[in-house]
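Scroll down for the structure; my scribbles are underneath it.
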Amino acid sequence: MNSGLEKKWQEQWKGKHIFEPSPDGKKFFITVPYPYANGPLHIGHGRAYTYGDVIARYMRMRGYNVLFPMAFHVTGTPILAIADSIRNNNSEMIELYRSYLRLYENDDEKIDSILESFKDPKNIALYFSEKIKKDFETIGYSIDWRKRFHTAEPFYNKFVEWQYRKLHGMGYLKKGDYPITFSIVDGNPVGEDDIKDGDTNKVTIIEFLAVKFRFQDGYILAGTLRPETIFGVTNIWVNPDAIYVKARANGEYFFVSKEAFEKLCYQLYDVEKIEEYKGDYFVGKFAKEPIYGREIPILQARFVDPDNATGFVKSVPAHAPYDYVALRDINFWEGRIKPIPVIRVLDMGDLPAKEIVEKNGIKDQLDPRLDELSEEIYRLEFYHGIMGENCGIFSGKKVSEIKENVKDWMIQNNYAIKFYETSRKAVTRSGNKVIVAIVRGQWFLDYSNPEWKKKTHELIDSMNFYPPSFSSQFHDVVDWLRERPCVRRRGLGTNFPFEEGWIIESLSDSTIYTAFYTIIDILREMGIKPEELTEDVLDYIFLGKEFNGMERFKKARESFEYWYPVDLRVSSVAHLSNHFTFYLFHHAAIFERNKQPRGIMVLGMLISEGAKMSKSKGNVIPLATIAEKYSADLFRLYIITNADFDTVLDWRETEVRSLDKKLERFKSLIEESLTYSAPTDLRHMDYYLINIFRLRIKKAIEFMENYRFRDAMIEIFFNFLNDIRYYEKREGEVRRKQVLRIIIDDWIRALAPVIPHLAEEYWHRLGHNTFVSLERYPEPGDIDFSVINSVNYVEEILEDIRNILKVSGINPKKIYIYTAGERMKHLMNLAKQDKSRAFKEARNKIEYSLLKQIISQRLFDKICPENEEEIIRNSIEYIKKELSCEVILNSEEDPGNKRALALPCKPSIFIV
RNA sequence: GCAGGGGUAUCCGAGCCUGGUCAAAGGAGCGGGACUUAAGAUCCCGUGUCGUAGGACUACGAGGGUUCAAAUCCCUCCCCCUGCACCA
């Protein structure tokens, strides 16, 4: 809508390089996490950058030398996977990308050729980073594009490598085994994106315990999530129709289902199949439970799923509804099995499973309600259960306290091994089964290191958070972060420096890159080659360690010294428990105290028409269409004003349109004033408008100092628009146009951070030839509150009169107003200090009841003008006009006997 | 499960940290009026209940409590949302 005007100023800013600062004066360094460049961005991404930009622009106008850079993230598998899909002619992916390209291209042939180029992942990253940059320019962000880079560049690889050398040197890297979701057919780990419905129905990894029951020359493995009930095991369940396997692993023989065997191949070492059986082979045979060596029977049950855990289930009929019902179905194996209670719960008998099953009238083992009941009993026993006398060293302990200990104890005594299973049956997008595999030799960032945690806690204590409550949340996250795998087998990114064949994972390579912004353009400008970024060089630049030959890098060192640390990092709450926290950890580890982050601003998420944006709902709004469809300034104004920064922001078309009307109103107010000049003979209402404007500016600045731009804009945009409307009501349109000229310069500067294009345009049309973007933010100046108060006072009287009219239904001919005399003022002042003394001074009933009113309405706390009569007299014409009838002030006439009832600040009123 | 956040009038959404000035900001919607040939836009008034004088009553998820006074502080319960690890 404004695209011509907006483009004009964007080009001017760009052409004059006004957002490309050099070290000079007091600095402010603000960053927003870079986006992943695998497609067009939507307005959700725009929220963080808009906030960042508004702050950047505000701080610039407050006299800071502001750096606001950005770059592009390309690390990881998604871009690779997209290129693969396009190469494999995956029609879904091709259509998706075709639709993305249509946002930017209208020539079908060109789209095809670009799609063709996407078979190379680098081209996807390059194409979209270029487009994202263009989109951002259309929103008017004051970004310093000289700092741009992407995370697969050799320069960046050197930087990340350096970081990992530092971390390794400090002992913050670790190596070990790690369970992951995995596809056997693809031979790859799979992430949420690779799993069918993985985004809506998450798959997590569940750690089962596979209990070892001695059977023939090996062990039957029975999976369980409740190891503490092992003491009450009475039998083992097997599915008679499933296929089972005898396998060798870890030097022992195991019996498990065929499916479990496949999983174990990826969880244990050197797993080998020896023989296959049908499930009924086991039925009626015996195995030995590991604790006491009791012989227990193996029985058949249809509820046993061979594709869940090991395919054998240990049976604890006293506490597991499934087991109880299955045993009941076979008449407790002709009475030879008796449930063994091992957990006591108050208010329940010995056999909770029996109780709950009978209470709910469960008929057989396929009843779907059994899942819920199992859950219920689990909760009950976990939180309120005590281990019985037959539980060895655990007897008498609370279940919730020893559950983990039982697990450890069983593993240590070789009674059981771990078995990992997915939380639900899952397949990849191409339909291949997902299992849990253990990665050997996985490298981790050791976030559990107490010394590292301590440093990070200290950092958090030294920082500012917006909103402040997030400080404690960060402490919490730091406390329970554990080892985090930091390398992957595939994807774009930086090679792991300590072992071939690994790539540093995408979140792990994006922790301290804000430091890189300070030097990247200098490296390029000076023709420095990536391979020159040796450990010595980067130690010098970032840590100040001198070395022979450091002269060449002096400029980079100085730039880092000047700009670092980041003063404010802005991003959405989604980054809290990952990126933001890693950002803090890594800074705490690597940089000196005075180079650690100073502030973090956490934004709420953005939804569209009341729902989370998603392709399936069709409510995703691409950033690319915003400037053209609405105008950048309208978008920015909406983002800033429609919700507090720390709450959910809902993009609603109807609300955008209604905001647009407000913006149009603003535009016409300004434009209508351009041809007028300021009046020289200032009147009462002129002073009112000037002073209320100053007051609004003052409040706005106070809000903005805490980055509360919404509140600030409510003052200087919405409320002030209302002030102007009120002024016009009282003084007329022409006068309004004239008087606005007095404050128009200040007003435009005040709004410039949020609506920079309009501000720039009007600033120039007012005859200035500087950029408003580089002007100083207005100062409020002295505020005369008496003018403001007197206007409010008159409005309160009007409100009272209207209320009386409404209730009484009188059609007024004459209105009498009486202001309070000195006597009542005196009593009020007394009441403020000493209520009982005031009552003593009351001379009569009327005074007494008025005093009561004063106290109950707390009139003495109101800002009450001294000269009430004069104020009303000055506005009497206005009052008459508003009520269209005669208004008589402090007349000798007193037809309603109201004169004596006047209170300070609350004149009495009589209407005929 | 673990952690965090929330439930406010027709709807969206402020306020609660620092209790009173809160029938509760700001929008949207709805009703009435002005303007207009009309529609739209804009502006004004109204929008819990009752009330022939500026008031009273009932209200801020439910239930208790603290207090002269609670949407705001404390306790219990119910419900909802977000993140949880290789996914950027």
Side-chain angles (χ1 to χ4, degrees), chain A residues 33-38 73-79 151 178 180-181 189-195 198-199 202 204-206 378-379 382 439 442 444-445 447 467-470 472-474 476-477 479-489 491 504-508 510 572-579 581-582 604-605 607 610 612 641-644 646-650 652 654-655 657-659 661-662 664-665 668 710-711 713-714 718-719 722 725 728-729 796-797 799-810 857-859 861-863 882 896 898 901 906-911:
Chain A
Y34 46 33
Y36 189 67
N38 67 335
H73 199 202
V74 303
T75 308
T77 47
I79 288 181
T151 60
Y178 191 69
I180 50 159
T181 46
V190 292
E192 186 184 300
D193 285 344
D194 307 316
I195 294 172
D199 48 337
K202 285 211 179 192
T204 53
I205 292 170
I206 308 276
Y378 174 78
R379 257 167 220 270
F382 182 76
V439 178
Q442 170 74 53
F444 297 87
L445 284 160
Y447 292 136
S469 60
F470 274 78
S472 68
Q473 280 206 50
F474 276 106
D476 286 347
V477 176
D479 271 334
W480 41 266
L481 262 183
R482 299 278 169 263
E483 294 84 357
R484 181 193 160 87
C486 60
V487 292
R488 294 201 59 173
R489 284 295 185 192
I504 294 173
E505 176 273 331
S506 61
L507 280 177
S508 305
S510 306
S572 92
V573 65
H575 281 139
L576 190 135
S577 63
N578 44 56
H579 167 72
T581 310
F582 305 157
M605 63 176 198
I607 59 178
K612 207 170 166 177
T641 61
N642 216 253
D644 282 331
D646 52 349
T647 62
V648 175
L649 171 67
D650 192 358
R652 280 177 191 266
T654 54
E655 308 226 344
R657 267 190 268 117
S658 94
L659 181 64
K661 287 173 201 162
K662 288 261 185 311
E664 287 299 320
R665 165 87 184 144
S668 52
R710 176 179 191 242
D711 296 307
M713 288 306 280
I714 286 176
F718 297 103
N719 288 347
N722 289 341
R725 197 156 67 200
E728 183 173 328
K729 183 163 102 178
E796 275 174 31
I797 294 172
E799 201 184 309
D800 273 357
I801 294 173
R802 285 197 185 105
N803 200 353
I804 295 169
L805 289 174
K806 183 186 144 204
V807 173
S808 65
I810 296 170
Q857 296 182 27
R858 303 177 70 86
L859 285 181
D861 283 345
K862 279 181 91 166
I863 303 157
E882 281 296 295
K898 286 282 186 180
L901 301 180
K906 201 165 171 66
S908 62
I909 295 159
F910 184 68
I911 305 172

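Keep in mind that this is a model prediction, so the values were computed, not measured.
Heavy atoms of Asn578(A) sit under 4.0 angstrom from at least one base atom. No contact: His579(A) has no heavy atom under 4.0 Å from any strand. Contact annotation for Leu481(A): base contact, defined as any heavy-atom pair under 4.0 Å involving a base atom. If you check every strand for non-hydrogen atoms under 4.0 Å, Ser510(A) touches nothing. In this structure, Pro33(A) reaches neither bases nor backbone, as no heavy-atom distance under 4.0 Å exists between it and the strands shown. Residue contacts shown for Leu576(A) are absent, as no nucleic acid heavy atom lies under 4.0 Å away. Nucleic acid contact class of Val74(A) (heavy atoms, under 4.0 Å, all strands): none. Across all strands, Gln473(A) comes closer than 4.0 Å only to sugar-phosphate atoms, never to a base (heavy-atom distances). Nucleic acid contact class of Thr641(A) (heavy atoms, under 4.0 Å, all strands): none.
Of the listed nucleotides (G54(B), A14(B), C86(B)), C86(B) has the atom at the smallest distance from the side chain of Glu505(A). Considering only the side chain of Phe910(A), A53(B) comes nearest among C45(B), C86(B), A53(B). When distances run from any side-chain atom of Thr181(A) to the nucleotides U82(B), A14(B), C87(B), the shortest one goes to C87(B). Nearest to the side-chain atoms of Asp644(A) among the listed nucleotides G15(B), G55(B), C87(B) stands G15(B). For Asp476(A), whose side chain is taken as the heavy atoms from C-beta onward, the closest listed nucleotide among G54(B), A3(B), C86(B) is A3(B). Nearest to the side chain of Lys729(A), among A28(B), G54(B), C44(B), sits C44(B). When the nucleotides C87(B), G54(B), C12(B) are ranked by their closest atom to the side chain of Ser908(A), G54(B) comes out on top. Nearest nucleotide to the Arg482(A) side chain, out of A85(B), C87(B), G27(B): A85(B).
The side-chain heavy atoms of Asp800(A) and Lys906(A), taken from C-beta on, include a pair separated by under 4.5 Å. Asp644(A) places a side-chain heavy atom less than 4.5 Å from the side chain of Asp711(A).
Each of Leu507(A) and Ser472(A) lies near RNA chain B, and the nucleotide nearest Ser472(A) is the one positioned closer to the 5' end. Both Val573(A) and Val487(A) lie near RNA chain B, and the one whose nearest nucleotide falls closer to the 5' end is Val573(A).
Atoms CG and CD1, on Asn722(A) and Ile714(A) in that order, are 11.5 Å from each other to the nearest 0.5 Å.
Checking A14(B) for Watson-Crick or G-U wobble geometry (two distances, each under 3.5 Å) identifies no partner in any strand. Across all strands shown, G55(B) forms a Watson-Crick or G-U wobble pair with C50(B), both key distances being under 3.5 Å. Of the nucleotides present, none pairs with C35(B) by Watson-Crick or G-U wobble criteria with both distances under 3.5 Å. With a cut-off of 3.5 Å on both Watson-Crick or G-U wobble distances, the partner of C77(B) is given as G61(B). In this structure, U82(B) forms a base pair with A3(B), meeting either the Watson-Crick or the G-U wobble geometry with both donor-acceptor distances under 3.5 Å. Both distances falling under 3.5 Å, in either a Watson-Crick or a G-U wobble arrangement, occur for no nucleotide opposite U21(B).
When each of Arg488(A), Arg484(A), Arg489(A) is tested with Glu505(A) by the rule salt bridge (charged side-chain N to carboxylate O under 4.0 Å, His left out), just one qualifies, namely Arg484(A).
Between His575(A) and His579(A), the ring planes lie perpendicular to each other; the angle is over 60°, past the 30° to 60° tilted range. Ring geometry for Phe444(A) versus Tyr178(A): interplanar angle over 60°, hence perpendicular rather than tilted (30 to 60°).
The CD1 atom of Ile206(A) sits 13 Å away from the C1' atom of C84(B) (whole-angstrom rounding). Taking atom CD1 of Ile607(A) as the reference point, atom C1' of G13(B) lies 12 Å away to the nearest angstrom.
Between the side chain of Ser908(A) and the main chain of Lys898(A), a donor-acceptor pair closer than 3.5 Å is present.
A sub-4.0 Å separation between OP1 or OP2 of C87(B) and a side-chain N or O of Arg488(A) is present. The phosphate of C86(B) has neither OP1 nor OP2 within less than 4.0 Å of any side-chain N or O from Thr77(A). Taking side-chain N and O atoms only, Ser658(A) has no distance below 4.0 Å to OP1 or OP2 of G27(B).
Counting atom types as modelled, Arg725(A) pairs no side-chain N or O with a base atom of C43(B) as donor and acceptor under 3.5 Å.
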